[in-house]
2 protein chains.
Amino acid sequence: MRREDSEIVRELPLFRGVELENFRTLIAAGYVQRFPTGTVLIHEGERPDFLHVLVDGQIAFFASHNDREATVSILTPPAAFILAAVIVDGPYLKSARTLSSSTVVLIPAGAVREVFERDTGFARATVAELACRYRTIVKELKNVRLRSSSERLANWILTQASQSGGCGTFRLPFEKRALASRLGMRPENLSRALAELAEAGVTVDGPMIRVGDAAKLIAFSKPNPLIDDPTS
Amino acid sequence: MRREDSEIVRELPLFRGVELENFRTLIAAGYVQRFPTGTVLIHEGERPDFLHVLVDGQIAFFASHNDREATVSILTPPAAFILAAVIVDGPYLKSARTLSSSTVVLIPAGAVREVFERDTGFARATVAELACRYRTIVKELKNVRLRSSSERLANWILTQASQSGGCGTFRLPFEKRALASRLGMRPENLSRALAELAEAGVTVDGPMIRVGDAAKLIAFSKPNPLIDDPTS
DNA sequence: CGTGCCATTGACCATTATCAAACGACGTGG
DNA sequence: CCACGTCGTTTGATAATGGTCAATGGCACG
């Protein structure tokens, strides 16, 4: 593993509190892999062999049933994933697919569980990580149940715009079809919803989104920190 | 606190591994309260003062936004709740209301965090609890996104029937309106969906549900352990 | 310079929500 | 003991939301 990659892992909140020796054990057991766009890294229902850390790229988590497919979340680096499955040693509940070419650090599940047993710093960080993940999904469930699809879109644009720095313009981080699935809608509906948001001052040019009138978009979106604030 | 109540708490997976001395600290700091039906115990957005343990009764967790209200989950005793909020010391993401008169053990959040810091057994149990909770919500999100409302109902009836012992008849554990909200539908729709399930051999008499033909209901429901199995 | 995929648009359909009304169980007060 | 009101449930009619199907245009890539 390149020093560069292990540094990224070390800097994650999940690993920052691990004792150096234990961290080295984990890194020594792990390795790095690079996957092209569209690779399915993990399959719903299988058993977790590795804790994964996304170092670069983008990964979508999705689940299938009844000939339908739903994106549960999209992960941006750096971040660990499938921690819960590794901890409880239960089957993956979601599949994962790269949305762009991605590099992933793989740490054997057994090593993770061992270090978890003897390193209280790691245990604490695991708790914090899981608690945050849990809260994130609760927010997502609220998002789905309490808002229409255009409202979800409007709020997604708002948070995206605010994360992309002051100017009201940003580039979609992935294809519109991926965004549609992430927001629980069809691509056709996303198109229509984007067109509808012109009334709220949002203009679209290919992958570029421009928030022309933030106040108007906020009025339409009715953002709620208990749904949209990733830090709360 | 009655010995009876503290025993129930002690037997929970979350507390079973806590060192006896630490457990006594928690219990000494806590107290029991009984609430009538319909009491709102906690309010979305407020700060967590206590870790709660439901000892008897039933509690619905719900969130409000845009004049809408959505039930996120319904808890049956014995179980701890709002653990994640206590751990990260963040605002409640959901409100909680008793569906029947309920007794709850309240343990001050500070005491929980203190014991959490020095008791590795508790830390480990917390991790397990959070990981399971996380996975439960992921399943719920899949349930909402991958199934129609009648499918959700059919699968709910299936698991309920299997948990209520061999005979295919059971009593709804709460009002139909609460069930409707739990399943993400309106009471009117629940009525219609129940009527529709007659084709799958389900008969309804007030609060009594009878699964006349399990095979037929299974064929309709298409149950999926990665959504419906609470243990996986 | 095709070929394929994504995005968009329009027409139509399915699902679910909303509104309204009526029924029945239940409890209260005359 | 009965009249009445309340509330949960059911049923019907209608509207809104989102999904499906089909056709088209644009763009990248071979």
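Just so it is clear: chains get the letters A, B, ... in the order the sequence lines come, proteins before strands, and each one is counted from 1.
For the pair L190(B) CG and dT10(D) P, the interatomic distance rounds to 7 Å; values are reported in whole Å. When rounded to the nearest whole Å, the span between CG of D67(A) and P of dG19(D) equals 16 Å. When rounded to the nearest whole Å, the span between CG of L172(B) and P of dG8(D) equals 15 Å. Protein atom CZ of R177(A) is 14 Å distant from nucleotide atom P of dT20(D), rounded to whole Å. In this structure, L183(B) atom CG and dA17(C) atom C1' are separated by 16 Å, rounded to whole Å. The separation between L153(A) atom CG and dT17(D) atom P is 15 Å, rounded to whole Å. Note: CG (L146(B)) to P (dT15(C)) measures 16 Å, nearest angstrom. One atom, CD of E196(B), and another, C1' of dG12(D), lie 17 Å apart when rounded to the nearest Å.
Of all nucleotides listed (dT11(D), dT20(D), dA17(C)), dT20(D) comes nearest to the side chain of R186(A). Of all nucleotides listed (dT9(D), dG18(D), dA7(C)), dA7(C) comes nearest to the side chain of E175(A). Candidate nucleotides dG18(D), dA17(C), dG8(D) were compared by shortest atom distance to the side chain of N189(A), and dG18(D) ranks first. Of the candidate nucleotides dA17(C), dT10(D), dG18(D), dG18(D) has the atom nearest to the side chain of S150(A). In the set dT8(C), dG18(D), dG19(D), the nucleotide with an atom closest to the side chain of S148(A) is dG18(D).
Atom CD of Q163(B) is surrounded by more than 12 heavy atoms from other residues, nucleotides or ligands within 6.0 Å.
Annotation: side chain of E129(B) is not in contact with side chain of Y134(A) (no heavy-atom distance under 4.5 Å).
For E188(A) against dC21(D), a side-chain-to-base donor-acceptor contact under 3.5 Å is present. In this model, a side-chain donor or acceptor of R192(A) finds a partner on the base of dG10(C) within 3.5 Å.
When ring centroids are compared, F61(A) and Y92(A) stay outside the 6.0 Å threshold.
E140(B) pairs with exactly one of R182(B), R152(B), R145(B) by the side-chain hydrogen bond (donor to acceptor under 3.5 Å, both in side chains) rule, that one being R182(B).
Heavy atoms only, all atoms of each residue included: L146(B) and E151(B) are closest at O-OE1, 4.3 Å.
Distances shorter than 4.0 Å separate some side-chain N or O of S149(B) from OP1 or OP2 on dT16(C).
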